[in-house]
Amino acid sequence: MIGVVGLVLSLVLLIYLTMKGINIIIAALLSSVLVAVTGGLNLATALKEDYMSGFTDYFSSWFLVFLLGAIFGKVMQETKSAESIAQWIKHTFGTKRAVFAVVAAAAIMTYGGVSLFVVGFAVYPIAVSLFRAANLPHRFIPAALVFGSISFTMTAPGSPEIQNIIPTEYFGTTPTAGGFIGFLCAFFVMVAGGFWLGRLVRKAKEDGEFFMLPQEMASAKNESASAVEAGELQEKEQTEIKQLPAILISILPLALVIVLLNILGQFMNPTTALLIALAAGIAFASITMSKFLSDFWGSLAIGTQNALVALANTCAVVGFGSVAAQVSAFDNLVDSLVNMPGPPLLSLALGVTIVCGITGSASGGLGIALPILSPIYLSQGLDPGGMHRISALASGGIDSLPHNGYVVTTIRAICGESHKRAYKPIFILSVLVPLIAMFLAVILYSIF
């Protein structure tokens, strides 16, 4: 009983510290200490062996993917191709479809392999411009960015995002695994989430809400420099747009990554295929837009630094999850899920999404859950493609609780908002809707 309480309290502590702005590595270490002590583990062994083995194993497995992904994102940012795509979508759809334009800009770039954080910072100024012109509440911008970045694009078949690649290592599948049902679930998330977001924004506007930057609402509390810079970026927009690369050239590197991944992934290890696709995308973008890339080696250096920070943060929560996996309460949880009545795919889905929720990371949760769960379900003769897609969908469920790294960064660092104002629509779009899609997938794969 103490172990169960400790497991819950350690998760609460991790969420609390993260929301307070404490570094995720420190928060994960403190939470690991709590779960180890309450779970009856030897503290030295828990930290030096369990925590560090989880940390280093994940690092060694996915370092190259994070590295090339971050460099690709940085090159797309430095060549201004990410901004070119965002500007094109803005002028194509206009202010009447401001919400859709923001979601579409984020979705196109993330499905093309651009780093989430690059997408957030690239699209935010465009979102401010559109929301200001349409007089829509600023607090919905984080929801639009998160929805476009980490919902249907992250878990859809063919996506180059790591959440779609990790299951291939454990189920022997390809990035397109799950077939028609996978695309149907992604379409459901896109349509249902888009409808819900549009309805929330319209209702807020009908209730009298209007556009106002956070620092305009409370000038004494500047939560983020990016919100201040947004105004400056908007003023420069008309002069800078002439200096952006053409939209066709800008979008070709994204298309190249997707096409190469899904062709090569049929004939070789999908992780290797992703590395080749990202390397090709980096080379293509650097060559075709070389006049916009003033410092190629500098971009590689910054991209490397970004990769190390993002990977270390993810490894930290994987390390916490590795410690949590050693306590008896975790084993009891896994056993109860595996032996629960109902379709086996349901228990797989619940197991993955619960672990992702504990760690606050979709990729980190997959890295912990699948080594434990995949052998159990593969031995039952279930369809690997269905298990792949359900695992990917499940990773995008309760991972987006308030302590999720990208959620925290988007709300606070990028948009200068607070969880109190901005998190509710994010919860609906990145937790509730994906969970519904996960259960839909379980039903469909169990029937067909």
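We number each residue from 1, following the sequence as shown.
- Residues satisfying the salt bridge (charged side-chain N to carboxylate O under 4.0 Å, His left out) criterion with D207, sequence neighbours excluded, are K203.
- Under a 3.5 Å cut-off, the side chain of T155 and the backbone N or O of S151 do form a donor-acceptor pair.
- K205 and E209 are not joined by a salt bridge, as no carboxylate oxygen comes within less than 4.0 angstrom of a charged side-chain nitrogen.
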Just do the side-chain contact (heavy atoms from CB on, under 4.5 Å) check on W88 and S250 with the steps written out, would you? CA-CA 10 Å; W88 177 77; S250 298; over 6 Å; no
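- From L432, atom CG reaches atom OG of S400 across 11.0 Å, with rounding to the nearest 0.5 Å.
- Ring centroids of F320 and Y51 are separated by 6.0 Å or more, keeping the two rings apart.
- Counting only N and O atoms by type, the side chains of Q77 and K74 include a donor and acceptor under 3.5 Å apart.
- Between V35 and S32 the shortest heavy-atom distance is CG1-O, 3.2 Å.
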Going through the checks in order, is the side-chain contact (heavy atoms from CB on, under 4.5 Å) test met by Y58 and I368? CA-CA 9 Å; Y58 191 88; I368 295 169; over 6 Å; no
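- The two residues T95 and A133 have their closest heavy-atom pair at CG2-CB, 3.2 Å.
- Between H388 and D383, the side chains place no donor N or O within less than 3.5 Å of an acceptor N or O (distance only, hydrogens not considered).
- Side chain to side chain, S149 and Y406 meet the donor-acceptor criterion of an N or O pair below 3.5 Å.
- Listed by chain and residue number, nothing satisfies the side chain to side chain donor-acceptor pair (under 3.5 Å) test with T353 (two or more places apart in sequence, or in another chain).
- If you run side chain to side chain contact (heavy atoms under 4.5 Å, CB included) between F211 and each of L136, V128, L130, only V128 comes through.
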Between W62 and T271, is the side-chain contact (heavy atoms from CB on, under 4.5 Å) condition met? List the steps. CA-CA 9 Å; W62 301 106; T271 302; 3.7 Å; yes
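- Considering every non-hydrogen atom in both T174 and P270, the closest pair reads CA-CG, 4.3 Å.
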E206 vs R202, test: salt bridge (charged side-chain N to carboxylate O under 4.0 Å, His left out). Steps then yes/no. CA-CA 6 Å; E206 290 170 359; R202 285 194 301 273; 5.6 Å; no
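- Scored by the side chain to side chain donor-acceptor pair (under 3.5 Å) test, T153 finds T110 as partners (sequence neighbours excluded).
- Remark: S322 engages no residue in a side chain to side chain donor-acceptor pair (under 3.5 Å) (not counting sequence neighbours).
- For E169, the salt bridge (charged side-chain N to carboxylate O under 4.0 Å, His left out) criterion is met by no residue, not counting sequence neighbours.
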Under the side chain to side chain donor-acceptor pair (under 3.5 Å) criterion, do S347 and Y377 qualify, and how do the steps go? CA-CA 10 Å; S347 58; Y377 292 94; 2.6 Å; yes
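- Y445 pairs by the side chain to side chain donor-acceptor pair (under 3.5 Å) definition with nothing, not counting sequence neighbours.
- For an aromatic pair to be called close, the ring centres must be under 6.0 Å apart, and F59 with F66 fails this.
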